[in-house]
Amino acid sequence: MIRRIPLALLACGSFNPITNMHMRLFELARDHLHQTGRYQVTEGIISPVNDSYGKKGLVPAKHRIAMVQLALETSDWIRVDPWESEQDGWTETAKVLRHHYEKLLQLRNESTGNYCSKERLREDSLSPHYKAVPELKLLCGADVLETFRTPNLWKEEHIKELVEKFGLVCVSRVGHDPLQFIYESDFLTKHQHNIHLVREWIQNEKSSTHIRRALRRGQSVKYLVPDSVINYIRQHNIYTEDSEQNNEGDQIQPLKLQSTQINALDD
Ligand SMILES: Nc1ncnc2c1ncn2[C@@H]1O[C@H](COP(=O)(O)OP(=O)(O)OP(=O)(O)O)[C@@H](O)[C@H]1O
Ligand SMILES: NC(=O)c1ccc[n+]([C@@H]2O[C@H](COP(=O)(O)O)[C@@H](O)[C@H]2O)c1
Ligand SMILES: [Zn+2]
């Protein structure tokens, strides 16, 4: 019997608000990974970004998390994790992955009685009680992959860590061509085996920006967002002309941090 590698999927983003498409990403990714015959997807984690990310129109994490929780009531394998939103400031995505990977390893070690030296693992790999080392991959849309090329947005060592150490599962998105993007990068081409490209054949360009726009205009978002989320938005009057002005004119935190570092070098 070939043992499958246990794998958890982590999606980082604003989720402002969560849409049905965000949940579809997980279902598409899980099917794809199972079809490889190599992986057993154990869980999906949604990590809403910290309030200090600085993106235009971002509403407080307490609301974004509550909406994700409502949306996931019908999922038995995807959960929301508030850790990133509870930190003092914005956390780089590579560090968010590190945090969740440590948690995965801790859980595994607890369930194997804490005796997992590498030698011991190798010895025991044929035992029925053997627990394979889990993997954690970043789940994202093709637009996020393409931002790797945006100057000053990602540290090179973080891109390396994401691609080499963890790996990506990247879902196609209208207007983005991840295959071409990978082809144009020597580094990504070299590590292509660690970037799982998932093709969404039932294409639609649903985005949180479109949802917020429709809500501001009093238009329906039914069947784009779960009813429970629509009710929550209505009850708390979350998306308004005012909320869309949040962080207006600000740079997002990763760009701000990089420009501070560049200025410090110039001094
Ligand atoms: N329609 C889609 N197809 C593929 N990936 C998507 C789609 N919508 C969102 N994603 C992915 O979901 C993750 C979270 O994205 P995010 O919170 O930015 O949502 P969004 O819909 O892109 O919102 P916004 O319009 O505010 O950018 C990202 O990895 C993004 O690429
Ligand atoms: N350098 C980095 O680690 C880096 C840069 C830009 C965006 N991100 C993350 O990517 C996600 C992008 O979300 P949005 O598409 O909503 O902006 C967020 O979770 C953000 O924290 C990380
Ligand atoms: Zn986005």
Side-chain angles (χ1 to χ4, degrees), residues 9-29 44-59 61 64-65 67-68 71 78 80-81 83-85 87 89-100 137-163 166 168-178 181 197-215 221 224-225 239 243-244 246-247 250-259 261:
L9 289 166
L10 175 73
C12 290
S14 302
F15 303 99
N16 186 37
I18 186 160
T19 71
N20 288 346
M21 190 57 205
H22 290 132
M23 295 178 285
R24 286 288 306 150
L25 293 187
F26 281 92
E27 298 291 328
L28 289 161
I45 307 168
I46 292 188
S47 178
V49 78
N50 192 278
D51 285 344
S52 60
Y53 182 46
K55 192 165 168 173
K56 183 173 179 297
L58 195 66
V59 304
R64 290 179 286 119
I65 285 175
M67 291 186 281
V68 176
I78 315 170
V80 63
D81 193 297
W83 180 84
E84 183 179 352
S85 67
Q87 301 312 294
W90 173 72
T91 306
E92 290 156 307
T93 298
K95 294 182 183 164
V96 179
L97 275 140
R98 283 180 213 161
H99 163 81
H100 287 288
K137 296 202 183 293
L138 179 67
L139 172 62
C140 63
D143 55 312
V144 173
L145 184 72
E146 287 184 16
T147 67
F148 283 0
R149 203 159 50 186
T150 307
N152 302 325
L153 192 60
W154 297 85
K155 288 184 184 145
E156 228 161 84
E157 67 264 28
H158 282 178
I159 295 182
K160 237 173 150 255
E161 185 176 348
L162 294 180
V163 176
F166 293 106
L168 303 181
V169 181
C170 178
V171 179
S172 63
R173 196 164 186 179
V174 176
H176 300 273
D177 189 347
F181 185 74
L197 293 181
V198 183
R199 181 75 189 259
E200 167 57 301
W201 289 102
I202 311 164
Q203 282 194 341
N204 70 73
E205 194 25 43
K206 196 176 285 167
S207 80
S208 300
T209 303
H210 293 155
I211 303 292
R212 293 199 305 279
R213 184 177 299 133
L215 287 165
V221 293
L224 300 173
V225 172
Y239 294 108
S243 72
E244 198 57 28
N246 292 349
N247 307 313
D250 288 359
Q251 256 190 335
I252 55 170
Q253 198 60 18
L255 292 176
K256 239 192 231 168
L257 285 177
Q258 288 277 2
S259 53
Q261 279 158 13

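Heads up: numbering here begins at 1 and tracks the sequence. As the structure lists them, so they are numbered: ligands from 1, and atoms in each ligand from 1.
- The S14 neighbourhood of ligand 1 comprises atoms 17 (O), with distances under 4.0 Å to a heavy atom of that residue.
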Inset, instruction - Under the side chain to side chain contact (heavy atoms under 4.5 Å, CB included) rule, what do F15 and M67 come out as? Steps first, then yes or no, please. - result: CA-CA 9 Å; F15 303 99; M67 291 186 281; over 6 Å; no
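- For a threshold of 3.5 Å applied to N or O pairs, the pair formed by G141 and ligand 1 contains at least one separation below that value.
- For S172, the heavy-atom gap to ligand 1 drops under 4.0 angstrom.
- Judged purely by atom type and a 3.5 angstrom limit, N152 has no side-chain atom pairing as donor or acceptor with the backbone of L255.
- At the top of the distance list for atom 6 (C) of ligand 1, counting protein heavy atoms only, stands R173 NH1, 3.5 Å.
- Residue contact check: S207 has heavy atoms under 4.0 Å from atoms 21 (O), 25 (O) of ligand 1.
- Residues with a heavy atom under 4.0 Å from ligand 2: C12, G13, S14, V49, Y53, K55, W90, E92, T93, L153, W154, P254.
- With values rounded to the nearest 0.5 angstrom, D143 atom CG is found 4.5 Å from R173 atom CZ.
- Within 6.0 Å of atom NZ in K160, 12 or fewer heavy atoms from other residues, nucleotides or ligands are found, so the atom counts as exposed in its surroundings.
- Here CD1 of I18 is found 4.0 Å from CD1 of I46. Values are rounded to the nearest 0.5 Å.
- A side-chain N or O of W154 and one of T147 form a donor-acceptor pair less than 3.5 Å apart.
- Distances below 4.0 Å separate heavy atoms of V144 from the following atoms of ligand 1: 28 (C), 29 (O), 31 (O).
- Under the 4.0 angstrom criterion for non-hydrogen atoms, L25 is in contact with ligand 1.
- Residue E156 qualifies as open at atom CD: its count of foreign heavy atoms under 6.0 Å is 12 or below.
- The option from L139, D143, I46, V49 that lies nearest to atom 31 (O) of ligand 1, judged by heavy atoms, is D143.
- Proximity of a side-chain donor or acceptor of R199 to a complementary backbone N or O of S172 within less than 3.5 Å is not detected.
- For E92, the side-chain hydrogen bond (donor to acceptor under 3.5 Å, both in side chains) partners two or more places apart in sequence, or in a different chain, are K95, K155.
- Heavy atoms of R212 come nearer than 4.0 angstrom to ligand 1 in at least one pair.
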Inset, instruction - Could you please spell out the steps behind the side chain to side chain contact (heavy atoms under 4.5 Å, CB included) verdict for N16 and K55? - result: CA-CA 10 Å; N16 186 37; K55 192 165 168 173; over 6 Å; no
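- Counting heavy atoms under 4.0 Å from ligand 1, residue E205 touches it through the side chain alone.
- When the heavy atoms of P17, C140, S208 are ranked by distance to atom 21 (O) of ligand 1, first place goes to S208.
- What sits closest to atom 17 (O) of ligand 1 on the protein, heavy atoms only, is F15 N, 2.9 Å.
- Among all protein heavy atoms, the one lying closest to atom 18 (O) of ligand 1 is K55 NZ, 4.2 Å.
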Legend entry - side chain to side chain contact (heavy atoms under 4.5 Å, CB included) assessment of V49 paired with E84: CA-CA 6 Å; V49 78; E84 183 179 352; 3.7 Å; yes
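- Taking 4.5 Å as the limit, some side-chain heavy atom of F148 sits within range of a side-chain heavy atom of L168.
- Put simply, no part of E200 is less than 4.0 Å from ligand 1, judged by heavy atoms.
- Checked against a 3.5 angstrom limit, the closest N/O atoms of H22 and ligand 1 fall inside it.
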Legend entry - Chi angles and distances behind the side chain to side chain contact (heavy atoms under 4.5 Å, CB included) call for R64, V80: CA-CA 10 Å; R64 290 179 286 119; V80 63; over 6 Å; no
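- Of the candidates L197, L139, V144, L139 is the only one forming a side-chain contact (heavy atoms from CB on, under 4.5 Å) with V171.
- T209 OG1, 3.3 Å is the protein heavy atom nearest to atom 26 (O) of ligand 1.
- Annotation for ligand 1: atoms under 4.0 Å from non-hydrogen atoms of M21 are 1 (N), 2 (C), 3 (N), 7 (C).
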